[in-house]
Amino acid sequence: MNLAQSGYHMLMILSVVDGKYQVAEGKVIVNYLTKNYESEIDIDKENQVILAVPNELLPEHFKNAADDFLKHSTEEQRIDFMAFAFRLVQADGKVDRDENKILKSLSHFWHIDIKPLLDEEKITVSK
C-alpha cells in the first residue's frame, strides 16, 4: 500500500469503530489524503478491500496499514497524520473508548508523544 492507501484504511477503520459513520466524514478523509499525499486513491477499490476484512481481523489490518505508513512516511507526516486523526475522532465532541485505544496504540507503535495533542484538544473519553 502507498501512503494514501494505508492512511485511508487506518482513518476509515478509526471512523467506524464508534459505530457511527457519516459520508461527510469519508469526504473529509479523502480531502485530507489527496491534499497531503501525492498518490491517487481509488475509493471504491479501497472500500471493497476494507469491507472484505472480517471484523475480528480489523485490528490486524489496521496494524498492517500502520506499518506500511511507517515504512513510507517521514516523522513529520506521521505527526501530521496523528493530529488529523485526533481532530477526526473528536469532531462529534467526544472520543469513544475504542477510538482512544486505537490512537494510543498507534502513537506507541510510531513512537509519537500524543500528550501535547491531548492537552491541546482537551479530549474527553466517553465510555
Side-chain angles (χ1 to χ4, degrees):
M1 279 191 266
N2 63 39
L3 279 179
Q5 290 168 317
S6 56
Y8 183 77
H9 285 237
M10 287 187 291
L11 291 171
M12 289 305 292
I13 291 169
L14 191 57
S15 73
V16 299
V17 75
D18 65 355
K20 299 173 261 177
Y21 173 75
Q22 298 175 6
V23 174
E25 207 171 15
K27 289 180 182 178
V28 169
I29 290 170
V30 171
N31 287 341
Y32 167 77
L33 293 170
T34 55
K35 185 174 101 178
N36 290 286
Y37 305 101
E38 296 178 10
S39 303
E40 291 290 320
I41 306 171
D42 182 341
I43 301 304
D44 292 331
K45 179 183 173 202
E46 299 308 323
N47 283 339
Q48 288 174 1
V49 170
I50 295 169
L51 289 171
V53 177
N55 283 346
E56 65 273 7
L57 295 179
L58 280 175
E60 183 179 331
H61 185 78
F62 186 93
K63 187 177 183 301
N64 290 338
D67 189 48
D68 282 345
F69 197 94
L70 177 65
K71 289 177 184 172
H72 299 102
S73 63
T74 65
E75 182 179 20
E76 182 179 332
Q77 288 172 316
R78 291 187 296 277
I79 291 169
D80 182 70
F81 183 90
M82 286 294 296
F84 176 78
F86 268 98
R87 288 191 306 272
L88 180 70
V89 299
Q90 194 185 19
D92 62 0
K94 62 185 184 305
V95 177
D96 180 82
R97 184 174 50 203
D98 289 333
E99 293 169 330
N100 188 54
K101 181 180 173 183
I102 289 171
L103 289 173
K104 281 187 174 185
S105 295
L106 184 60
S107 71
H108 291 301
F109 184 62
W110 286 352
H111 306 288
I112 293 174
D113 179 12
I114 59 169
K115 186 165 177 12
L117 290 171
L118 294 170
D119 291 344
E120 175 184 317
E121 301 294 336
K122 309 243 185 310
I123 291 177
T124 57
V125 179
S126 65
K127 295 179 181 174

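Predicted model, so just to flag it, every value in this text is computed and none were measured. Scope of the values below: all heavy atoms of this structure, side chains included, with no hydrogens, waters or symmetry mates. Sequential numbering from 1 along the given sequence is applied to the chain's residues.
Side-chain contact between V89 and D96 is absent, with no heavy-atom pair separated by less than 4.5 Å. Under the 4.5 Å side-chain criterion, counting only non-hydrogen atoms from C-beta, N2 is not in contact with H72.
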Legend entry - Audit row: I112, I79, side chain to side chain contact (heavy atoms under 4.5 Å, CB included) steps and yes/no: CA-CA 7 Å; I112 293 174; I79 291 169; 4.2 Å; yes
Inset, instruction - Assess whether side chain to side chain contact (heavy atoms under 4.5 Å, CB included) is satisfied between S15 and I29, documenting all intermediate values. - result: CA-CA 9 Å; S15 73; I29 290 170; 4.2 Å; yes
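When hydrophobic clusters are built by joining Ile, Leu, Val, Met, Phe, Trp and Tyr residues whose side-chain heavy atoms come closer than 4.5 Å, directly or via intermediates, I13 is grouped together with L103. Placement of V30 and V49 in two distinct hydrophobic clusters is found when ILVMFWY residues are connected by side-chain heavy-atom separations under 4.5 Å, directly or transitively. Both V16 and I43 belong to a common hydrophobic cluster when Ile, Leu, Val, Met, Phe, Trp and Tyr are linked at side-chain heavy-atom distances under 4.5 angstrom.
Taken to the nearest 0.5 Å, the CE atom of M1 stands 4.5 Å off from the CG atom of D68. Here F84 contributes atom CZ and K35 contributes atom NZ; the two are 9.0 Å apart, rounded to the nearest 0.5 Å. Here the straight-line distance linking atom CD1 of I41 with atom CG of L33 works out to 4.5 Å at 0.5 Å rounding. With rounding to the nearest 0.5 angstrom, the CG atom of L51 is 8.5 Å from the CE atom of M12. The NZ atom of K104 lies 13.5 Å from the CD atom of E99; values are rounded to the nearest 0.5 Å. Expressed to the nearest 0.5 Å, how far CG of D113 lies from CE of M82 amounts to 10.0 Å.
The side-chain hydrogen bond (donor to acceptor under 3.5 Å, both in side chains) check on D42 picks up nothing, with sequence neighbours excluded. Take Y8 and apply the ring-ring contact (aromatic ring centres under 6.0 Å, His included) test, not counting sequence neighbours, and it matches no residue.
In this structure, the side chain of Q48 does not engage the main chain of K45 through any donor-acceptor pair within 3.5 Å. A side-chain donor-acceptor contact under 3.5 Å links R78 to the backbone of S73.
Here the rule is ring pair (Phe, Tyr, Trp, His ring centres under 6.0 Å) with F81, and of Y37, F86, W110 only W110 fits it.
Remark: aromatic rings of F69 and F109 are distant, center separation not under 6.0 Å.
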Under 3.5 Å, which donor-acceptor pairs link side chains of residues 58-67 to any protein atom two or more places apart or in another chain?
| from | atom 1 | to | atom 2 | distance (Å) |
| --- | --- | --- | --- | --- |
| H61 | NE2 | H9 | ND1 | 2.7 |
| N64 | ND2 | E60 | O | 3.4 |
| D67 | OD2 | K71 | NZ | 3.1 |

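Counting non-hydrogen atoms of neighbouring residues, nucleotides and ligands closer than 6.0 angstrom, the CD atom of E76 reaches no more than 12 such neighbours.
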